[in-house]
Amino acid sequence: MAQNTFPDIIKTKEGKLSFKADNQGNQIPDFSYAGYMASEKAIPNVENKIFVPKQEQDATQIIQAAIDYVSALKPNKSGFRGAVLLDKGTFKISGTLYIKTSGVVLRGSGNNENGTILLGTGLKRESVIRVLGVDDKKLGETFEFNTTYTPLGTQKIQLKNASKLKVSDEIIISKALTDNWIKELKMDDFGAETAWIGWKKNDWDISWNRVVTIINGNEVTLNAPLTMALDDVYGTSTATTYIWSGRIEHIGIENILMKSTFNASNPKDEEHRWQAISIENAKNIWVKQVNFKHFAGGAVSVLKSAQQITVEDCIATEPISEIAGFRRLTFYTEGQQTLFQRCYSENGYHDFAVGGFGTTGPNVFVQCESHLPFNNSGAIGSWATGVLFDIAYIDGNALSYNNREQNGRGAGWTAANSVIWETSASKIECYTPPTAQNWAFGVWGGIMAGYCHWKEVNGHINPRSLFYAQLANRLEKLPVDPHIYDLGSEPSSSPTVEVAMELTKNSVAEKQTLPEFIAEVSKANPINTNASGLKNANDLKINAIIADNKSKVITQNGWLTYEGKLIAGNRLSVPWWRGSLRDSDISKASPSVTRFVPGRIGTGLTDNIDEVVDYLNANNMVALEHNYGLWYERRMDDHERVRRFDADVWPPFYEQPFARSGQDLAWDQLSKYDLTKFNDWYWNRLALFANLAETNGQMLVNQQYFQHNIIEAGAHWSSSPWRSANNINSTGFPEPPPYAGDKRIFMAEQFYDVTNPVRRKLHQGFIRKSFENFQDNSNVIQLTSAEYTGPLHFMEFWLDEAQKWKTETGKKGIIGLSATKDVQDAILNDANRAKTVDAIDIRYWYYKEDGTAYAPQGGVNLAPRQHARKLKTGKETDDQVYRAVREYREKYPEKVILYSTDGSSRFGWSVLMAGGSLPNIPKIQLSAFYSAISGMKFVNGTTFSDAVWKLENKGKAYLFYAKNSQDVSIDLSEFKGDFEVYSINATTGSVLKNTNISGGKTVVIPASEVKEKVLFVVKKN
């Protein structure tokens, strides 16, 4: 008998499906393991426990309280605690509803306009409902494979020693990317200069979460098949046990219409809710009979940490957003064993899609229809394995398993070991990648492309559903009615006269649509909406959230202080370009505030503001330096100036401060900006951070502009909102841009020209918005622009606008002067404008080791690093840093002095001892230290070249910084009482109490007792 060269499906004489393995044992995977409880059990109709009546006000808190009430109930034997039943009517949700406990169902009283409507309001882009477990997975023992090849589709693996495994153990089977495999796939680059987005061996791992069901010696049987062959030629694989106590299970969302508010005047409005439902760190979850309208990002998003999910009988229509990448991902998964069935979407982007990196299946779409989408369905990420599209219809676009090459930031091969079955699409792309297979059975398409295994093209096949055929074969009896839509029974091209007459008679009736079929199936599967005898959520006690911290940042004795203590520590500058969603980049990412990844929360994605503040606290950081991104999306990281081919933008997105207009197309193919309107999400995020940071004594340094856009590489300007081609405001900049040598841009002079009436008014509006956004915050330092080496006249204009705002509103703020030395000194010599300045920021100049100044000239159309290439930069030293800070501190004692050069973090003690604010010194574990500093001044008559620098509050506290080992003398002759002496390690901040000394005399502490460079003396209470 001849062996197969590839896995296949054939029919037996009895008409049943037979799965044929190839000569290595590879076979098409059994997709029937997808879904809630691996589709082995029906979705239960859980008992209602509490009723939430219709609410007139925002309902976020009361519904959350009802969810929390059920979450506290004892689960039954099946693991369910009960359901929250929502009344008919509209419930406004300004926040997010979190389901964080196993066994809870959130249920409405109907999924149409006459039923239960959850209306997402406000600007929050987090999902309206989040099923959110805890990411606390703990890895255990790792086991090596005993074979060099494990075939596709198997449920049996051979380990070297399985003695420590037991049945029911949960394991992760992992395979890392290797260089030789990447090169075999030709994914290391995509031609030209694309290696920067090529796959790298540390980018992500391919892994399957499985459960051990049988152990026979060292042969281990898994609860679901592997969707990829494990070949040691391309690196070894491992199996590792794990415990995941924080993962939640048995949760449902059902019978609801979810909607978002939006601006009806802008069909591309994105200033509203993006995601409806997201699922993460969860298993055995369902979304059933839930409909969706007007969301920008998508309906249901199943993230990588979710498994065994069913989404069924759902309809999503009327999305509102830009027509672009990472919008309208209607039904989307990066999880494992996800089943979408009988789902319908209109006008999406990628309506039914498997994304992510190395996503492992099976992941299945059964009887799903995409009507007039703007892009394809199918696999859209990198190397998804085990995908099945089964009885799908993509009406007006493609269903694709293909090589996207550099699209999607180097997505490359999207699908492997995946099947298209009994499916129609305007275009079907089914390409087979190296080392894997793809198949298409019974497909219909206007265009069909790719070198996969095609069978029965343009013909219907039986059984209609591969998924349900496999499930029936596995279970013998289906746990539920599959509700497969009946096509009829006359396939002949030459029917009899009688049959032709009958079919003609039937053709008068309109064909049932999928939404109608979904409604019919829903009626056949009614959901319990009986509210009789239930606890009423209005009787629950709702705990009001009260912000009781009213402390403010105060300038005290020339220092920035909070609750009487010096604010000291490092600063964090936000990233403003680069990044990707690959694991390798996420792991290296630093926090941001206005970075956005739709549907994803966390560092490197859409940061949780609380976590940003916590990160600063944990890392001895006291300020966040923020400027808007160099450009919105990551395709621009290639520094190309050309208009982008399409709107398939790449995240992470660095949001810009201006709103999109919904009109025309900018250089990135999204709509143009309107510089008179602002991106409310961007400004709201900054305000949220400032408010939370203020309660922690942290600062926000708000760089209003970002000069990087208008100088240097032409690409910096090409997608700038200010460029004439990118806005609807007639900014008057030349088009096409005058790129020098078709490469560089010199737009600074025009940008800073405030005699142009259009641009002047736009600048005024933007500057006013920058002040108003933080008008009640005490902890925001306002600076003109990141990298500002601009002219004096624009700084004068900016300060005049700042003073107007102060005068008209009565607000204060901290207005900083950050510029080249010539511009800085000119402003400070201007008596009127100097009054507006609250803080002097030494950033773009410094004194060099030889005492001369590195001081580029302002307003000569060069960026800071361009100046540095032309001038002798010299070296910063402790003495010269001290000199610079102290000169300005002495001359302007009422103003805050900051030292913020690129090397400033190395000179914290020099800055502090000279009277500078926000010095980067290590955390000092002595609370009296920070309180004492706020009352200190430097000692008159001392200078930067002294061997010992001194700060003092006579009779109360003293701080010494000894450059070299020597005696330290303290004149306490006029002060009685005892004083405590502490040595402080200047590098680590560790504190050692030396001794106590008595006042009434001059005390000399000998060098032998001064153990560290820093000596702190404070009067004993």
Side-chain angles (χ1 to χ4, degrees), residues 3-4 6-7 19 21-31 33 38 137-185 187 199-244 304 307 336-337 357-363 382-386 413 416-418 433-437 583:
Q3 290 185 310
N4 290 344
F6 62 89
F19 294 81
D22 68 8
N23 51 19
Q24 290 182 292
N26 297 301
Q27 62 182 2
I28 292 175
D30 186 340
F31 295 98
Y33 289 88
K137 182 166 49 184
K138 294 181 180 178
L139 301 180
E141 189 93 11
T142 295
F143 301 86
E144 295 180 359
F145 277 65
N146 196 37
T147 51
T148 59
Y149 190 91
T150 301
L152 164 68
T154 188
Q155 287 180 244
K156 294 182 178 181
I157 59 175
Q158 308 293 328
L159 301 178
K160 287 185 177 179
N161 183 357
S163 61
K164 293 184 179 180
L165 274 179
K166 63 182 184 299
V167 171
S168 80
D169 274 350
E170 294 190 280
I171 62 173
I172 300 173
I173 298 170
S174 297
K175 186 173 183 63
L177 272 63
T178 59
D179 287 333
N180 67 328
W181 185 66
I182 292 170
K183 289 178 180 178
E184 179 72 18
L185 298 181
M187 293 291 102
W199 297 6
K200 312 292 189 302
K201 66 179 182 180
N202 295 318
D203 278 347
W204 71 85
D205 286 343
I206 302 169
S207 62
W208 297 260
N209 295 345
R210 294 294 185 257
V211 179
V212 175
T213 59
I214 301 172
I215 301 174
N216 184 9
N218 289 325
E219 181 182 83
V220 176
T221 302
L222 310 174
N223 67 322
L226 299 179
T227 54
M228 176 179 164
L230 306 179
D231 188 346
D232 281 8
V233 170
Y234 303 111
T236 58
S237 303
T238 58
T240 303
T241 59
Y242 71 91
I243 296 173
W244 197 345
K304 193 176 184 70
Q307 187 170 10
Q336 299 181 39
Q337 296 172 262
F357 303 91
T359 299
T360 55
N363 286 304
S382 299
W383 200 258
T385 57
W413 285 109
N417 306 321
S418 297
T435 76
Q437 308 286 341
D583 292 347

Residues T240 and T142: side-chain donor-acceptor under 3.5 angstrom: yes
Minimum-distance pair of heavy atoms, taken over all atoms of Q337 and A224: NE2-CB, 4.0 Å
I'd like to check the side-chain contact (heavy atoms from CB on, under 4.5 Å) partners of S237; sequence neighbours left out, ordered by chain and number. F145, K175, L230
Atom OG1 of T435 and atom CG of D231: how far apart are they, to the nearest 0.5 Å? 8.5 Å
Interatomic distance, CD1@I215 vs NZ@K166, rounded to 0.5 Å, equals 9.0 Å
Other residues, nucleotides, ligands: >12 heavy atoms within 6.0 Å of K201 NZ: no
Q27 to F19 - nearest heavy-atom pair and separation: OE1-O, 4.4 Å
Closest non-hydrogen contact found for E170 with V211 is CG-CG2, 4.1 Å
Validation: residues 156-165 side-chain donor-acceptor distances under 3.5 Å, sequence neighbours left out:
unit_1 : atom_1 : unit_2 : atom_2 : d
Q158   : NE2    : E219   : OE2    : 2.9
K160   : NZ     : E144   : OE1    : 2.9
N161   : OD1    : S163   : N      : 3.0
N161   : OD1    : S163   : OG     : 2.8

How many angstroms lie between CD1 in I182 and CH2 in W383, if you round to the nearest 0.5 Å? 11.5 Å
Evaluate whether atom CD1 of I243 has more than 12 neighbouring non-hydrogen atoms of other residues, nucleotides or ligands under 6.0 angstrom away. no
If you measure from CD1 on I171 to CG on L222, what distance do you get to the nearest 0.5 Å? 5.0 Å
If you round to the nearest 0.5 Å, how far is CG of L152 from CD1 of I28? 8.5 Å
Which is it for Y33 and N223 under the side-chain contact (heavy atoms from CB on, under 4.5 Å) test, yes or no, and what are the steps along the way? CA-CA 9 Å; Y33 289 88; N223 67 322; 5.8 Å; no
Would you call Y149 and V233 a side-chain contact if the rule is heavy atoms closer than 4.5 Å? no
Determine whether R210 and Q336 make a side-chain contact, defined as any pair of heavy atoms from C-beta on separated by less than 4.5 Å. yes
Where S174 and I172 come nearest, the two heavy atoms and their spacing: OG-CG2, 3.3 Å
N417 side chain to T227 main-chain N or O, any donor-acceptor pair under 3.5 Å? yes
Mind checking the OG1-CG spacing from T360 to N363? Nearest 0.5 Å is all I need. 7.5 Å
Of all residues at least two apart in sequence or in a different chain, which pass the salt bridge (charged side-chain N to carboxylate O under 4.0 Å, His left out) check with K138? none
Quick one, W199 and W181 - any side-chain contact, counting heavy atoms below 4.5 Å? yes
Checking T213 side chain against T221 main chain: does a donor-acceptor pair fall under 3.5 Å? yes
For the pair F143 and V220, evaluate side-chain contact (heavy atoms from CB on, under 4.5 Å) and give the outcome as yes or no after the intermediate values. CA-CA 11 Å; F143 301 86; V220 176; over 6 Å; no
Side-chain (N26) to main-chain (P7) donor-acceptor, under 3.5 angstrom: no
G153 and P225: which non-hydrogen atoms are nearest, and at how many Å? O-CB, 3.4 Å
